[in-house]
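We count ligands from 1, going down the list as the structure has it; atoms in each ligand are counted the same way.
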Amino acid sequence: MSCPICGSKYKEKMPQIGKHINSRCVFCHTLFGIKDTNDCCVYCTYSDKICPKAQMKIKKNK
Ligand SMILES: [Zn+2]
Ligand SMILES: [Zn+2]
C-alpha cells in the first residue's frame with residue numbers, strides 16, 4: 001500500500017471478502033479512501049498489488 005498523503009509504503013493484509021474502500025496509513029495515521037466510486041477497492045487504487053477479487057476478474061476475462 002502506498003499512502004497518498006505521506007508517500008510511505010506499508011503492508012496491509014487484503015481481506016478476501018467485502019469491499020474495502022479505505023485504509024489507515026500506519027505512518028501518518030491518515031484514513032484515505034478510493035478516488036472515485038468506480039474503483040474496485042483501496043488496494044487496487046493505492047497498492048502495487050491488486051486485491052484477490054480483481055485477480056479473479058482478470059482470470060475470468062482471459
Ligand atoms: Zn501516510
Ligand atoms: Zn480491488
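Remark: Y10 OH to C6 SG distance equals 8.5 Å, nearest 0.5 Å. If you take SG on C25 and NZ on K9, they are separated by 12.0 Å, rounding to the nearest 0.5 Å. To the nearest 0.5 Å, atoms SG (C44) and CE (M14) are separated by 7.0 Å. We find the CG-OG1 distance between N22 and T30 to be 12.0 Å, quoted to the nearest 0.5 Å. For the atom pair R24 CZ and C3 SG, the distance stands at 11.0 Å (nearest 0.5 Å). Taken to the nearest 0.5 Å, the NE2 atom of H20 stands 9.0 Å off from the CD atom of E12.
Using a 4.5 Å heavy-atom threshold, the side chains of D39 and D36 count as touching. Two residues are said to be in side-chain contact when any heavy atoms from C-beta on lie closer than 4.5 Å; K53 and Y43 fail this criterion.
If you count the protein N, O or S atoms nearer to the Zn ion (ligand 2) than 2.8 Å, you get 4.
For the pair Y46 (side chain) and I34 (backbone), a donor-acceptor distance under 3.5 Å is absent.
Around the Zn ion (ligand 1), the protein contributes the following N, O or S atoms at distances under 2.8 Å: C3 SG, C6 SG, C25 SG, C28 SG.
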